[in-house]
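Structure, as structure tokens:
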Amino acid sequence: MPQDNDLLVQRRANLEALARLGVDLYPRQFDRTDTVTRLVEAHGERPKEALEAERVETRTSGRILAIRSFGKANFLVISDGRSRVQVYVRKDSLPDLDFQVFSLLDLGDFVGVGGHLFRTKTNELTIWASSLTFLAKCLVPLPEKWHGLQDVEIRYRQRYLDLIVTPESGRVFEARSRTLKAIRTFLDARGFLEVETPMMQPVAGGALARPFVTHHNALDMTLYLRIAPELYLKRLLVGGMERVYEINRNFRNEGISTQHNPEFTMLEFYQAYSHYLELMTMTEEMLSEVARAVTGSDQVTFGGETISFAAPFRRLRMREAVAEEASRRIGRGVAESELRDRASARDLARRLGIEIDPGMGPGKITAALFEALWERALVQPTFVYDFPTEVSPLSKQRADDPDTVERFELYAGGFELANAFSELNDPAEQRRRFEQQLAERQKGDAEAHEMDEDYVRALEYGMPPAGGEGVGIDRLVMLLTDSRSIRDVILFPLMRARKE
RNA sequence: GGGCCGGUAGCUCAGUGGUAGAGCAUCGCACUUUUAAUGCGGUGGUCGUGGGUUCGAUCCCCACCCGGCUCACCA
């Protein structure tokens, strides 16, 4: 809570002085003819002569971000949250009351302005005020105008302050909105139906992660915040919805980092009669289209590098990539077959100096080696495909190789962006996979998948062959806005509770 | 959870074992086209919190709180 310092006392005193003038301190309404953004869009580029010949009258409103005062002539800068415009306040152009109101304004107050447009000597679009209406008080001083808000903690905890004083921050969230819109446009155009499935689930399935636990009182029932919508979306495939997608939050009770927020937004889409190779092509089309819609180009700058979302993306088979990089690092030819045997895979990890858990089978080791050897280096969009079955309990095996599933992950900017596979639709095999996961769980893997009997039963009714994919929206927005932390693309990232 | 860095005025930051500093903001005065307006003068601080060492701690030590980066886990 704000302390009782002079700055606060002065602002409250100004508010009381306005009350003594008979001004409504919290008026309900201000009828405006234009937003600031519309004024700037419509007139920002027009030459002085054209503008002044027309004598454009306007009524607009916004928050005061600057006051430059010269006694009887004053300049305000007001913002509608997206754009800013200057207001010229002359004592002899305003009713007396309005000028008295003006003299009681503080930075951050909301005002309504009526007047006509002109350009100053320095050619800045300006409203010559003929009326000034007080709309709301800012009782707390705003961050400094030049350096802005540098304290990242306050930027995240008090996002409204960040949005007031950091225009770039607002642009990130506009880009986020355009990203979501572009994805929906892309999928809607291909006949996908947007659906919503449970966020509270009796079994937290569809991914390998620890869930948040909650409880429903009336049903006396343990529920989990979902870690993925996957199993519900595939139930819809069983039900005959051939193309569905959901864009919504997932919750994972894991660590927090620049790439992880406990709640994050995921796109998942499922397409019947498709498979993972088709999804690679579709992903290339989707991301290049989204990048163009959001940034105007399929070449985006991220962390000083140019990332190209122009198709085609690079493709790497996982075991081949691991064997190749391992060979390079240890100076002898490593065969892919070494990754299929637990003893030789462990030996390889040891030689590479990569730590692995004792319980890991060859598939988990391969995936761990891949992440250690490749993930950071994959700055340009790259499909990594054909994963070990061991780490993919919901994916369909390759017909020619049961240890390998038809799955890919897309990497870009040095992190995982998407995950997709041909969906396993054999209920007997699905049951075996769940049982394998239960065994992992017994061995202490808290992230292993739980048994979901209801899902297996749904598969018994028959699910068409299908491909499905998840795309991390926050990370995609990071790439499209050159944001280095996921917290910069989430309006209110989770922060530790603060002792007040 | 481990490692590293940080927390000083409303904001952005300097700084010192001996009365706490600047710029912006704010207040006063001057100024009718400025734009980081300008000039002059003022106000403003539990130096993150709690202990300890010391004649004396914002500074040194310890613990804790909060944050950032990073490693591990994960998407």
Side-chain angles (χ1 to χ4, degrees), chain A residues 2-11 13-14 48 65-77 84-93 106-108 118-126 128 138-157 161 164-165 206-211 227-228 250-268 354-357 367-368 371-372 375 391 409-412 415-419 445-447 470-476 478 484-487 493 495-500:
Chain A
Q3 310 92 321
D4 243 13
N5 72 30
D6 284 354
L7 298 174
L8 302 178
V9 170
Q10 282 155 10
R11 283 171 183 252
N14 283 343
K48 185 181 178 80
L65 294 184
I67 302 176
R68 293 183 285 273
S69 190
F70 296 82
K72 296 192 181 71
N74 308 271
F75 295 92
L76 302 180
V77 175
R84 299 174 176 192
V85 73
Q86 179 167 263
V87 179
Y88 182 48
V89 179
R90 275 178 73 132
K91 188 173 200 297
D92 60 12
S93 296
D106 289 298
L107 288 183
F118 74 111
R119 284 188 183 279
T120 61
K121 283 177 184 168
T122 51
N123 207 36
E124 174 148 354
L125 180 68
T126 305
W128 190 308
C138 176
L139 288 167
V140 189
L142 292 178
E144 198 220 9
K145 64 182 176 185
W146 182 243
H147 296 93
L149 189 54
Q150 298 297 316
D151 184 328
V152 291
E153 180 181 355
I154 297 177
R155 289 186 52 205
Y156 300 145
R157 286 188 189 272
L161 277 183
I164 291 168
V165 301
L208 307 179
R210 277 182 284 181
I227 57 176
N250 290 345
F251 308 85
R252 298 190 186 174
N253 208 339
E254 311 270 1
I256 294 176
S257 79
T258 48
Q259 283 155 37
H260 302 84
N261 194 62
E263 54 176 308
F264 62 102
T265 301
M266 186 91 137
L267 160 69
E268 285 203 12
I354 294 166
E355 267 190 56
I356 50 168
D357 292 337
E371 282 177 24
E375 179 164 1
V391 295
E409 287 184 342
L410 174 64
Y411 286 82
F415 50 73
E416 185 187 335
L417 188 60
N419 178 26
D445 184 349
E447 285 162 10
V471 179
I473 296 299
D474 312 276
R475 290 182 175 182
L476 177 58
M478 285 170 69
R484 284 175 309 280
S485 170
I486 199 168
R487 292 178 159 191
M495 303 287 281
R496 194 182 296 268
R498 209 169 202 180
K499 293 197 298 187
E500 292 290 344

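Below, chains carry the letters A, B, ... as their sequence lines are ordered, and counting in each starts from 1.
At least one donor-acceptor pair closer than 3.5 Å links the side chain of A:K48 to the backbone N or O of A:R119. Within the 3.5 Å criterion, the main-chain N or O of A:F264 finds no donor-acceptor partner in the side chain of A:N250. One N or O on the side chain of A:E254 and one on the backbone of A:R210 form a donor-acceptor pair closer than 3.5 Å. The backbone N or O of A:C138 sits less than 3.5 Å from a side-chain atom of A:R11, completing a donor-acceptor pair.
No engagement by A:G470 is indicated, since no non-hydrogen atom pair under 4.0 Å with the nucleic acid exists. A:N253 comes within contact range of no nucleotide atom at all, as no heavy-atom separation falls under 4.0 Å. When heavy atoms are screened at a 4.0 angstrom cut-off, A:L208 is found touching the sugar-phosphate backbone but no base atom. Looking at heavy-atom distances under 4.0 Å, A:E355 makes no contact with the nucleic acid at all. Across all strands, A:S69 comes closer than 4.0 Å to base atoms (heavy-atom distances). Residue contacts for A:E124: at a heavy-atom cut-off of 4.0 Å it reaches a base atom on one of the strands shown. Using a 4.0 Å heavy-atom cutoff across all strands shown, A:Q259 reaches at least one base atom of the nucleic acid. Using a 4.0 Å heavy-atom distance criterion, A:F415 is classed as making no nucleic acid contact.
Rounding to whole angstrom units, CD1 of residue A:I486 and C1' of B:C69 are separated by 16 Å. Between A:N250 atom CG and B:A75 atom C1' the separation is 9 Å, expressed in whole Å. Look at CD on A:E144: it is 13 Å from C1' on B:A9, rounded to the nearest Å. In this structure, A:Y88 places its OH atom 6 Å from P of B:U33, rounding to the nearest Å. For A:N261 and B:A75, the CG to P distance is 15 Å, given to the nearest whole Å. To the nearest angstrom, P of B:C11 lies 11 Å from CG of A:L142. In this structure, CG of A:L107 is placed 9 Å from P of B:C27, rounded to the nearest angstrom. Residue A:F75 contributes atom CZ, which lies 7 Å from atom P of B:U33 at whole-angstrom precision.
Both A:N14 and A:G71 lie near RNA chain B, and the one whose nearest nucleotide falls closer to the 5' end is A:N14. When each of A:S485 and A:G472 is assigned the nucleotide of RNA chain B with its nearest heavy atom, A:S485 is the one assigned upstream, toward the 5' end.
Comparing B:G23 with B:G2, their P atoms are spaced 42 Å from each other, to the whole Å. When the P atom is compared between B:G3 and B:U46, the two are found 32 Å apart, to the nearest whole Å. Comparing the P positions of B:A37 and B:C27 gives an interatomic distance of 15 Å, to the nearest angstrom. B:C55 sits 12 Å from B:G17 when the C1' atoms are compared, rounded to a whole Å. Taking atom C1' on both B:U16 and B:A75, the two are 48 Å apart, rounded to the nearest angstrom. On the C1' atoms, B:C47 is 8 Å away from B:A20, given to the nearest whole Å. Across B:U8 and B:C59, the matching P atoms stand 14 Å from one another, rounded to whole Å. Comparing the P positions of B:C13 and B:A30 gives an interatomic distance of 35 Å, to the nearest angstrom.
Within the 4.0 Å cut-off from OP1 or OP2 of B:A37, at least one side-chain nitrogen or oxygen of A:R68 is found.
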Side chain to side chain donor-acceptor pair (under 3.5 Å) assessment of A:E144 paired with A:H147: CA-CA 6 Å; A:E144 198 220 9; A:H147 296 93; 2.6 Å; yes
- Task: In sequence, state the C-alpha distance, the side-chain angles, and the governing distance for A:Y411 and A:E409, and then conclude on side chain to side chain donor-acceptor pair (under 3.5 Å).
- Result: CA-CA 6 Å; A:Y411 286 82; A:E409 287 184 342; 2.7 Å; yes
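The side chain of A:R157 has B:G67 as its nearest neighbour among B:U32, B:C27, B:G67. The side chain of A:K145 has B:A37 as its nearest neighbour among B:A37, B:A75, B:U33. Taking every side-chain heavy atom of A:R496 into account, B:C66 is the closest of B:C66, B:A36, B:A37. The side chain of A:D92 has B:U32 as its nearest neighbour among B:C66, B:U32, B:U70. Checked against B:C73, B:C24, B:U32, the side chain of A:F70 finds its nearest nucleotide in B:U32. You'll find that the side chain of A:R90 is closest to B:U32, out of B:U32, B:C69, B:U34. If you check B:U43, B:C27, B:A75 against the side chain of A:R252, the one that comes closest is B:A75. Distances were taken from every side-chain heavy atom of A:K72 (C-beta onward) to each of B:U43, B:U32, B:A75; the shortest belongs to B:U32. Closest approach to the A:D6 side chain among B:U12, B:U43, B:U34 is made by B:U43 (side chain taken as heavy atoms from C-beta onward). Listed nucleotides: B:C66, B:U34, B:C24. Nearest to the side chain of A:Q86: B:U34.
Shown here, B:U26 forms a base pair with B:G42; the pair counts as Watson-Crick or G-U wobble because both key distances fall under 3.5 Å. Searching all strands for a Watson-Crick or G-U wobble partner of B:A9 with both distances below 3.5 Å returns nothing. Pairing for B:C64 is with B:G48, a Watson-Crick or G-U wobble pair whose two hydrogen-bonding atom distances lie under 3.5 Å. If you check B:G18 for Watson-Crick or wobble pairing at under 3.5 angstrom, you find it paired to B:C55. Using Watson-Crick or G-U wobble geometry with both donor-acceptor distances under 3.5 Å, B:C73 finds no partner in any strand shown.
Looking at A:R484 and A:Q259, their side chains never bring a donor and an acceptor atom within 3.5 Å of each other.
Aromatic rings from A:Y88 and A:F118 are positioned such that their centres are separated by under 6.0 Å.
Using a 4.5 Å heavy-atom threshold, the side chains of A:Q150 and A:R155 count as separate.
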